[in-house]
Amino acid sequence: MTITAARMAAVDRNAAALDVSTKQLMESSGHALARAVRDVAAPGDSVTVLAGRGNNGGDAFVAARFLDGDVDVSVRLLGRPETITTEIARENWAALQSAEIDAERVLDSKSLALGDPDVVLDGVLGTGVTGAPREPERSAIVAANEADATVVSVDVPSGMDADTGEVADVAVEADRVVTFHDLKPGLDGRDDVTVADIGIPEAAETFVGPGDLLSLERDPQAHKGDFGRVMVIGGGPYTGAPALCAQAALRAGADLAYVACPDAIADTVQGYAEDLIVESYEGERLRPRDVDVLLAAAADRDVVVIGPGLGGADDTLDAVRDFLAGYEGTAVVDADALQVVPDVDTDATLVCTPHQGELATMGGPRVDDWEERAALVAEFAAELDVTLLVKGAYDVISDGDVTRANRTGNPGMTVGGTGDVLAGITGAMASTRAPVQAAAIAAYANGSAGDAVVDERGYGLLASDLLGEIPPALWGE
C-alpha cells in the first residue's frame, strides 16, 4: 500500500481531529529518525542536520534533540526562524535553543558549511513540495550529495516528487529514507526505505474528516465554470426534490445548476430559487422520447444528477435506462433511478447514493453492523463497477478498491429531502473530483450540515434547513 502526499496531509489533519496532535506525531517522527541515525552512526560521530522551514524540518529538529549527547549533532536551518511555516516546527526550533544544541541559520547559500560530518540528516524539503528546489535549499541538496557521509532522508529525499519519484532538477542521494505512516508512491521499489509507525490511528484513514476538506481550496484566479456545471434530471410527481438537489449543488460550490424537468412543473421548480436554470421538456413526467434532448444538453455539463423526484413509472425508468446507456460522463444516480443501475450497460462513471433499502432493491447487502456492511458494499461496488455511497447512521463509501466511512449526521436527518441535498452536494463534488473523494466529502458535509441544524434548533429539521449550513460544513471547523 502507498499513500500520496495530498492524502497523507488529509490523514494528518484527520488524526488531529481525533485528538492525536501534530505535536505527538512530530515527536514520534523525530524519535524514528533518531533511531535510524543511531543505526548508521557510532557514538560520538558528527551528525549535521539540514532542516527546511516546513514540518520536515520540524521532524529533523526533534531528531536532533533526541540525538544530543549520543552524537555530536549540529543543525543548519535554511532560512530565518520567523519564516518557519508551522507553529509546532517553530516550537521545536526554540527547543533546540533552550537545550543549547548547536543550531545555526543559513541565510545565504554561499554561507552554508557542512564541515566533515559522518552522517547528514536531510530534512530540507517535504512531501508537499514539487518542482525544482530554490536557494538555499538547492545548495543544501548539492552539499549533502558531495559530503563523504551517510545520508538519511526525512520522509522522502529532498527534491524528489513523493508521488512520482521524479526529480525536476536535483535531489538528495539518500542512503536511507525514513518515511512515515505508509510508503509514498515515489519510494516504491526502493530497498533503503523504512516505514515508521508514528501513531496515526486507523480511524484517521477510515473515517471521512476535516482533512478530506483540504482539497477544497480554490485558485484565486479561477473563472466561472471551473467548479462545475451540474445538471439535475428530476421532478414530475415531485417538485421539491430536484429544486433541493440543484440548490445544494450551488451551496456546495458548483458554479451553475440546471434542472431538466417536465414543463408541467417547470414554473414551480423555478419558483423555489431564482439561481436555478430550469430547462423543461413536454409532459408531466420523464419518458423515453425526451432522452435525446437530455443527452445533447448533458454533453455541455460536467455532471448529471438523475433521479430526484422522478418517480418510478415504468416509462420513466425506461427513459433512465436509455439515458445512462447513451451517456459517457459522470452521473450521480439517486432515488427511483437507482433500481435500473444493475442491469444497464453504460460507459458512464456512476456514483450511486442509495439508503440501505434502496441498496437491497438493487440486489446489494442489507446488514446492521457497519463494518460488515462496508466489506459487502465494497464487493457489490466492484461487481457493479460503480461508486456507492450507502446512507445510514454510518455512511459507507466504496468503489471496490477504496472504502471509507462517515459518521457525521443524526436521527433528525431521516426527514424527507435530505437525500436530495446529499445528491446535489455529491454532484458538485464529482464535477471536480474523483468519485470516491467526491462521495466521501459529500457525505461528511451533508451530515455536518445536519448536525449544525440540530445543534441550533433541535430535531424537527427540514431538508431545506441544511442548505444554509453546507458552506461552513465544507470549509471545516
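Hydrogens, waters and symmetry mates are skipped; everything else that's a heavy atom, side chains included, is used.
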For this session: State plainly whether the residues Asp255 and Arg229 are in salt-bridge range, i.e. N to O under 4.0 Å.
Result: no
How many angstroms lie between atom [atom1] of [X] and atom [atom2] of [Y], to the nearest 0.5 angstrom?
X	Y	atom1	atom2	result
Arg190	Leu183	CZ	CG	10.0 Å
Ile3	Asp182	CD1	CG	6.0 Å
Thr127	Asp163	OG1	CG	8.0 Å
Leu18	Arg13	CG	CZ	9.5 Å
Glu358	Thr353	CD	OG1	7.5 Å
Thr432	Ile441	OG1	CD1	8.0 Å

So for atom [atom1], which belongs to [X], do other residues, nucleotides or ligands contribute more than 12 heavy atoms lying within a distance under 6.0 Å?
X	atom1	value
Asp148	CG	no
Asp19	CG	no
Glu100	CD	no
Asp385	CG	no
Asp108	CG	yes
Arg80	CZ	no
Glu217	CD	no
Glu91	CD	yes

What residues form a ring-ring contact (aromatic ring centres under 6.0 Å, His included) with [X], not counting sequence neighbours?
X	result
Phe61	Trp93
His31	Phe66
Phe227	none

Heavy-atom donor-acceptor pair, [X] side chain to [Y] backbone, under 3.5 Å:
X	Y	value
Arg301	Val230	no
Lys23	Ile88	no
Asn56	Gly52	no
Ser98	Ala94	yes
Asp175	Val151	yes
Arg90	Ile84	yes
Thr150	Val119	no
Arg105	Gly79	no
Asp118	Ala41	no
Asn14	Gly211	yes

How about [X] and [Y]: do any of their side-chain heavy atoms sit closer than 4.5 Å?
X	Y	value
Leu125	Pro157	no
Val172	Val124	no
Val341	Met362	yes
Pro136	Leu112	no

Exercise. Salt bridge (Lys or Arg N to Asp or Glu O under 4.0 Å) with Arg176: which residues, sequence neighbours excluded?
Worked result: Asp39
Problem set entry | Qualifying residues under salt bridge (Lys or Arg N to Asp or Glu O under 4.0 Å), relative to Arg7, sequence neighbours excluded | Asp212
For [X], give me all partners under side-chain hydrogen bond (donor to acceptor under 3.5 Å, both in side chains), at least two apart in sequence or on another chain.
X	answer
Arg38	Asp70
Thr179	Asp155, Lys184
Asn406	Asp395, Thr408
Tyr272	Thr239

For this session: Under the side chain to side chain contact (heavy atoms under 4.5 Å, CB included) rule, what do Val37 and Leu121 come out as? Steps first, then yes or no, please.
Result: CA-CA 8 Å; Val37 171; Leu121 180 59; 4.3 Å; yes
Would you kindly say whether [X] and [Y] are connected by a side-chain donor-acceptor distance under 3.5 Å?
X	Y	result
Ser153	Asp122	yes
Thr48	Arg76	no
Asp72	Ser46	no
Thr130	Asp161	no
Asn55	Thr86	yes

Problem set entry | salt bridge (charged side-chain N to carboxylate O under 4.0 Å, His left out) contacts touching residues 51-63 (sequence neighbours left out) | Arg53-Glu137
Quick one: side chains of residues 462-471, donor-acceptor pairs under 3.5 Å with protein atoms, not counting sequence neighbours, listed by atom name and distance.
from, atom 1, to, atom 2, distance (Å)
Asp465, OD1, Arg457, NH1, 3.1
Asp465, OD2, Arg457, NH1, 3.4
Asp465, OD2, Leu462, N, 2.8

For this session: Test Arg404 against Ser398 for side-chain hydrogen bond (donor to acceptor under 3.5 Å, both in side chains), laying out the working first.
Result: CA-CA 6 Å; Arg404 306 289 305 283; Ser398 183; over 6 Å; no
Exercise. Going through the checks in order, is the side chain to side chain contact (heavy atoms under 4.5 Å, CB included) test met by Leu461 and Val415?
Worked result: CA-CA 7 Å; Leu461 61 81; Val415 68; 3.4 Å; yes
For this session: Take the angle between the ring planes of Trp370 and Tyr394 and call it parallel below 30°, perpendicular above 60°, tilted in between.
Result: tilted
Exercise. Just one of Thr426, Thr330, Asp302 clears the side chain to side chain contact (heavy atoms under 4.5 Å, CB included) bar with Ser431, so which one?
Worked result: Asp302
Problem set entry | Step-by-step side chain to side chain contact (heavy atoms under 4.5 Å, CB included) determination, Thr85 to Thr83 | CA-CA 6 Å; Thr85 57; Thr83 63; over 6 Å; no
Exercise. Got a sec, which pairs hit ring-ring contact (aromatic ring centres under 6.0 Å, His included) with one end in residues 446-467, sequence neighbours left out?
Worked result: none
